[in-house]
Amino acid sequence: MSIKAILTDIEGTTTSLSFVKDVLFPYADQQMEAFVVKHRQDPQVAKLIDDVRLETGNAVLSLAGAIAQLRQWIAEDKKITPLKAIQGLMWEEGYRNGDFTGHVYEDAVRHLLHWHELGLALYVYSSGSVYAQKLLFGYSDAGDLTPLFSGYFDTAVGHKREANSYQAIVAALGLPAAEILFLSDIAEELDAAAQAGLKTCCVVREDQPTDALQHRWVKNFDELDVMSIT
Ligand SMILES: CSCCC(=O)C(=O)COP(=O)(O)O
Ligand SMILES: [Mg+2]
């Protein structure tokens, strides 16, 4: 049995931690107040602010309180769905204005192109919203990479450290779990995917420490021979 689909994480796998932590998160933090105040009547933003209230269990949280909570979650790198959704909306402006482009490692670009040419189906699973994922790959350093992907998943399918999320993705892909290879830099995500029956590979970029070495691991996509995985 060989790999038919690759499901990839973004931060730490296709994309540097630094781009997310030093470019995207500070941008969202700095723009949060102005963005939420400006768009508070927009139904999508109003619903997300209500979701922040739900998440905090404080139904009467003020707009200022919600903004402060969102900024606190950014500082704590919380993967909370309404935060991730608002960040995506905010980053759109940054990408469109050319304030930044989506970082994708050069080896990742080359191999995504190659795997796509080989007929492998490519999917993304990130805590960043699907909207934010499409922006990052659509406005990447290497141009628009979105035609390479067959689909995107975010925390709407479940959290990345839970096996159920991968079971839902397997069902959506309509492939046997063992024919799907999941790439990530985080041990708990790889453990959850393996529990759901997916093949796994840890991507250990820039010598960051990892506790996922019980999984197959590579330093970059050049070291990953997908065809040899059975
Ligand atoms: C795709 S948007 C930027 C990344 C982001 O917000 C994030 O939380 C990254 O999480 P990942 O699951 O890709 O490690
Ligand atoms: Mg990651």
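Both counts, for ligands and for their atoms, begin at 1 and track the order of listing.
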Exercise for the section: Distance to 0.1 Å, residue and atom name: give those for the protein heavy atom nearest to atom 12 (O) of ligand 1. Expected result: Lys160 NZ, 2.6 Å
Handout entry: Subset of ligand 1 atoms that lie under 4.0 Å from at least one heavy atom of Ala132
Key = 2 (S)
Practice task
May I ask you to check whether Tyr166 and Gln195 show a side-chain donor-acceptor distance below 3.5 Å?
Solution key: no
Handout entry: Angle subtended at the Mg ion (ligand 2) by Glu11 O and Asp185 OD1, rounded to 10 degrees
Key = 90°
Problem - Proximity of Phe25 to ligand 1 by residue part, where a heavy atom lies under 4.0 Å - result: side chain
Exercise for the section: Do me a favour and list the nearest non-hydrogen protein atom to atom 14 (O) of ligand 1 with residue, atom name and distance? Expected result: Asp9 OD1, 3.0 Å
Practice task
Identify, for atom 1 (C) of ligand 1, the protein heavy atom at the shortest distance, and state residue, atom and that distance.
Solution key: Ile10 CD1, 3.4 Å
Fill in the blank from the handout: Looking only at protein heavy atoms, what sits closest to atom 9 (C) of ligand 1 is Glu11 OE1, 3.0 Å
Fill in the blank from the handout: re atom 13 (O) of ligand 1, the protein heavy-atom contact at minimum distance is Ser126 OG, 2.7 Å
Practice task
Would you name the heavy atoms of Ser184 and Leu190 that are closest together and state the gap between them?
Solution key: O-CD1, 3.7 Å
Practice task
Could I get the full list of side chain to side chain contact (heavy atoms under 4.5 Å, CB included) partners for Glu162, not counting sequence neighbours?
Solution key: His159, Ser165
Exercise for the section: Report the C-alpha separation of Asp222 and His111 in whole Å, then their side-chain angles, then the decisive distance to 0.1 Å, and conclude whether the side-chain hydrogen bond (donor to acceptor under 3.5 Å, both in side chains) test is met. Expected result: CA-CA 7 Å; Asp222 286 329; His111 285 276; 2.7 Å; yes
Handout entry: Ion pair check, Arg53 and Asp50, cut-off under 4.0 Å
Key = yes
Exercise for the section: Output yes when the distance from some N or O of ligand 1 to some N or O of Lys79 is under 3.5 Å, and no in every other case. Expected result: yes
Exercise for the section: Identify, for atom 6 (O) of ligand 1, the protein heavy atom at the shortest distance, and state residue, atom and that distance. Expected result: Lys84 NZ, 2.9 Å
Exercise for the section: Among all protein heavy atoms, pick the one closest to atom 3 (C) of ligand 1 and tell me residue, atom and distance. Expected result: Leu24 CD1, 3.7 Å
Fill in the blank from the handout: Short version for Trp91: what comes under 4.0 Å of ligand 1, heavy atoms counted, is side chain
Handout entry: Quiz item: cation-pi between Arg205 and Phe221, 6.0 Å / 45°
Key = yes
Handout entry: Residues which pass side chain to side chain contact (heavy atoms under 4.5 Å, CB included) with Leu175, listed by chain and number, not counting sequence neighbours
Key = Lys4, Ala5, Glu179, Ile180
Exercise for the section: Please determine if Ser129 has a nitrogen or oxygen closer than 3.5 Å to a nitrogen or oxygen of ligand 1. Expected result: no
Handout entry: Check: Tyr95 ring centroid to Phe100 ring centroid under 6.0 Å
Key = yes
Handout entry: Asp9 atom (N/O/S) at minimal separation from the Mg ion (ligand 2)
Key = OD2
Completion exercise
The residue among Leu24, Ile74, Leu70 that forms side-chain contact (heavy atoms from CB on, under 4.5 Å) with Gln87 is Ile74
